[in-house]
Structures are given as C-alpha cells and as structure tokens.
There are 2 protein chains.
Amino acid sequence: MNVHSNSPRVEDILQRLRRAGHRITPQRLAILRAFADSHSHPSVDMVYAAVKPNFPTTSLATVYKTVVLLKELGEVMEIGFGEGGNRYDVRVPTPHPHLVCTRCRRILDAELDALDHLTETLAQSTGFRILSHRVDFYGICPECRRKAAH
Amino acid sequence: MNVHSNSPRVEDILQRLRRAGHRITPQRLAILRAFADSHSHPSVDMVYAAVKPNFPTTSLATVYKTVVLLKELGEVMEIGFGEGGNRYDVRVPTPHPHLVCTRCRRILDAELDALDHLTETLAQSTGFRILSHRVDFYGICPECRRKAAH
DNA sequence: TTATTTTTAGATAATGATTATTAATAACAA
DNA sequence: TTGTTATTAATAATCATTATCTAAAAATAA
Ligand SMILES: [Mn+2]
Ligand SMILES: [Mn+2]
Ligand SMILES: [Zn+2]
Ligand SMILES: [Zn+2]
C-alpha cells in the first residue's frame, strides 16, 4: 500500500503521534484511516469491521485502545450514546451540532452559526462557565423520508 | 404518612398509573416521590439512596423497574450519560436544554426560547424531519465557581 | 371470609459495551 | 542487527442495566 495515500488529516495525526513518542503500527494506521475516511461518525464496531478485511488478526481491544489514545491527544471526539455504543468524529474533533437519523443511524454534521451567541447569552443569564456542549437533533433524514413515502 | 402529602405532579402520575391498571405500592410511591422531589435530575442510585432510609428492604431492581414503567408511560425522561449512569427528569419529561456542572454533577434546566425557531430553520435547510433533540451545556455552575475562587 | 389469580418485590444471574491484564510481538533508536 | 520498550492480541474484569425466578402482596371471585 502506498505510504502517501493518506489524507492531510491522517498525515497531521501521524506527525503528532510520532512527535509524542508513539509508534506508527500497521494496525494504528489502518484504524486511523478507517476513522478519517468515514463521513458517518462511525462506532468502534464499524471501524473494526472496516479494518478486519485488511488486517484479519486485528483485535477489537486494539481499536478501543487506539480510540483512547486519539481521545487523549484530542484527535477524536467521542459522541456518547447509551444504546449500541458510542460514535466518533475524527474529521472535526471539537463539539458541534449533529443531525441523527433514528432510522438508518447515520450522523451528519449540522451548521448552527447562532450557537456561539446562544451559549454566551446563556452563560450570562445563568452564571455558568460554559466550556462545552452537546447538541443533537434526532429525526428522519431526507433519504429515509423518501424511502418511507413508498 | 399522610396520603395527601403528594405534589400535584405525583398525584397526576398516580392517577394515570391507576387508570392503566398498575398498582400503587408503598415502594412505587416512595420512588415516585423521590424522583418528583429532586430538582437535580437524579440518577437511579440517588433515588435508591433517598428511598432506602424509609424502606430499607427496597431493592435496586425495583427502582430500575419503576423507571422502565414510568418511561413507558411517558412520565419520566431519561437523560443518557455513558459514565456513571443515566439521569432522570420526572418534573418535565419532554426534551429541553440542560446545564450540566462537570464538577458537582448537578443538572439544571435551561431556558432557551430560541431553540424551537432554530430547530425549524435547521429542518428546512437540511430536509430532516426533526422529532426530538438533546441539548446540553457543560461547564462549572455558579456555586462551584465561587468555591473554586477560595 | 377464603380461595384463586395476577401483579409486584426482592434477590441474583445475565448482558454487553468498555477497560484492565498479561505474555508475546514488533517499532525504532543506537 | 540488537536491545529496549511500546504495542498487540487474547481474554478476564467491570459496571450499569436488564432478565429471571420465587415469594409476597394485592386484586378478584366464590
Ligand atoms: Mn461531526
Ligand atoms: Mn430537566
Ligand atoms: Zn436515515
Ligand atoms: Zn457545580
């Protein structure tokens, strides 16, 4: 496999991994690529399934440990869901709103320019020091709506 | 104990429990009151701890089963948190924004009049049929800020 | 009331995603 | 190439929640 076939995002992370003294193993590279390639905020299982064909001996525990490492370095954001496992965003690892389709389980990024201003207003009115947020909208995505309209 | 010492909210729920053919047991009453009395969106463990002194034989499983029942009837809203267990809102069992203090773990209701309009705008621009939401702001509450400023 | 039926409580086992453990392996500096 | 040591893979442990099962309690019938 061509060593230059990585996205800029993957190259960035690889550099910071090396700088922090971590080793670049084939497993890590494959897991990292799987995370970065996905646009649907994958779960650990989804990444595991994507890596398995190329690295059949890969352990699920290794995927989990890579997630912990990437979280520590701030390179992945965990989106917690009780049921059916957490989801991850390696492309944009900072808090931002999401649209969650409850039918196909896809998760899309949402644009909400008003959010920052809203947060500031809330902080002023409540006295809270707001440091982060979790903003999810649940519903049915356009594709699932089209399918449902037989 | 006076049978009329319940809040209107508790009375409402009791009526609907009876109407649905469920029995009002002392355990259920105690658990229900503990949920309704709390302003901090308690966890199952917190409710269990509140009930234990009055009903020492109460089982944790009974608290969990009461939660399931109340969820089915739409009388409690579950707020999922991966770490340390879920939290519950019996006072306002419909989606609304929350302020979560990451220091003392308290959860407060937040007023966000702009949210409905925001949701509609987002639905229009994305084609999603938005049915629900989860809006949490994480930070340090005023009391914890005061304590931190020794 | 007493008997019969159904619901619920309490104890505890099972579940499932995640984390911890540990011996074997391999990345990488010298 | 070799040695050091991080990492892997397999698997056990964890922990909140759910399921199971029996006894007790409550509703219902007789
Ligand atoms: Mn995202
Ligand atoms: Mn609330
Ligand atoms: Zn969909
Ligand atoms: Zn606080």
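The chains referred to below are lettered A, B, ... by the order of the sequence lines, with proteins before strands, and numbering in each begins at 1.
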May I ask you to say what Pro56(B) touches in the nucleic acid, namely base, sugar-phosphate or nothing, with a heavy-atom cut-off under 4.0 Å? nothing
Please report the distance, rounded to the nearest Å, between CG in Leu69(A) and P in dT19(C). 13 Å
I need the CD1-P distance between Ile24(A) and dA26(C), as an integer number of Å. 17 Å
Any side-chain heavy-atom pair of Leu69(B) and His22(B) under 4.5 Å: yes
Quick check on the hydrophobic clustering: are Ile107(B) and Leu115(B) connected, directly or via other members, by side-chain heavy-atom contacts under 4.5 Å? no
Hey, are the side chains of Asn86(B) and Val67(B) touching, using non-hydrogen atoms and a 4.5 Å cut-off? no
Would you say Thr25(B) reaches dA9(C)'s phosphate, i.e. side-chain N/O to OP1/OP2 under 4.0 Å? yes
Tyr88(B) and Val76(B): which non-hydrogen atoms are nearest, and at how many Å? CB-CG2, 3.7 Å
Go through dA9(D), dT8(C), dT7(D) for me and flag the one nearest to the Gln27(A) side chain. dA9(D)
Starting at atom CG of Leu17(A), determine the distance to atom C1' of dC28(C), rounded to an integer number of angstrom. 15 Å
Evaluate the side-chain proximity of Ile130(B) to Ile140(A): yes if any heavy-atom separation is below 4.5 Å, no if none is. no
Tell me: CD of Glu83(B) to C1' of dG16(C), nearest whole Å? 18 Å
In whole Å, what is the span from the CZ atom of Phe55(B) to the P atom of dA11(C)? 15 Å
Go through the N and O atoms of the side chain of Arg23(A) and the base of dT8(D), and report whether any donor-acceptor pair is under 3.5 Å. no
Check the distance between dA26(D)'s C1' and Arg28(B)'s CZ and give it to me in whole angstrom. 11 Å
Contact class for Asn86(A) (heavy atom, under 4.0 Å): base, sugar-phosphate, or nothing? sugar-phosphate
Restricting to ring pair (Phe, Tyr, Trp, His ring centres under 6.0 Å), what partner residues turn up for His133(B), sequence neighbours left out? none
Check against side chain to side chain donor-acceptor pair (under 3.5 Å), Arg91(A) and His39(A): CA-CA 8 Å; Arg91(A) 308 172 72 89; His39(A) 280 258; 2.9 Å; yes
Leu14(A) atom CG is separated from dA27(C) atom C1', nearest whole Å, by 14 Å
Please work out which residues in residues 70-82 of chain B have a non-hydrogen atom less than 4.0 Å from an atom of DNA chain D and list them by number. none
Which residues, if any, of residues 57-65 of chain A bring a heavy atom under 4.0 Å of DNA chain D? Thr57(A), Thr58(A), Ser59(A), Ala61(A), Thr62(A), Lys65(A)
Are His22(B) and dT7(C) close enough that a side-chain N or O sits under 4.0 Å from OP1 or OP2? no
Would you call the rings of His41(A) and His96(A) parallel, tilted or perpendicular, where under 30° means parallel and over 60° means perpendicular? tilted
Considering all heavy atoms, the nearest Val47(B)-Ala34(B) contact: CG1-CB, 3.9 Å
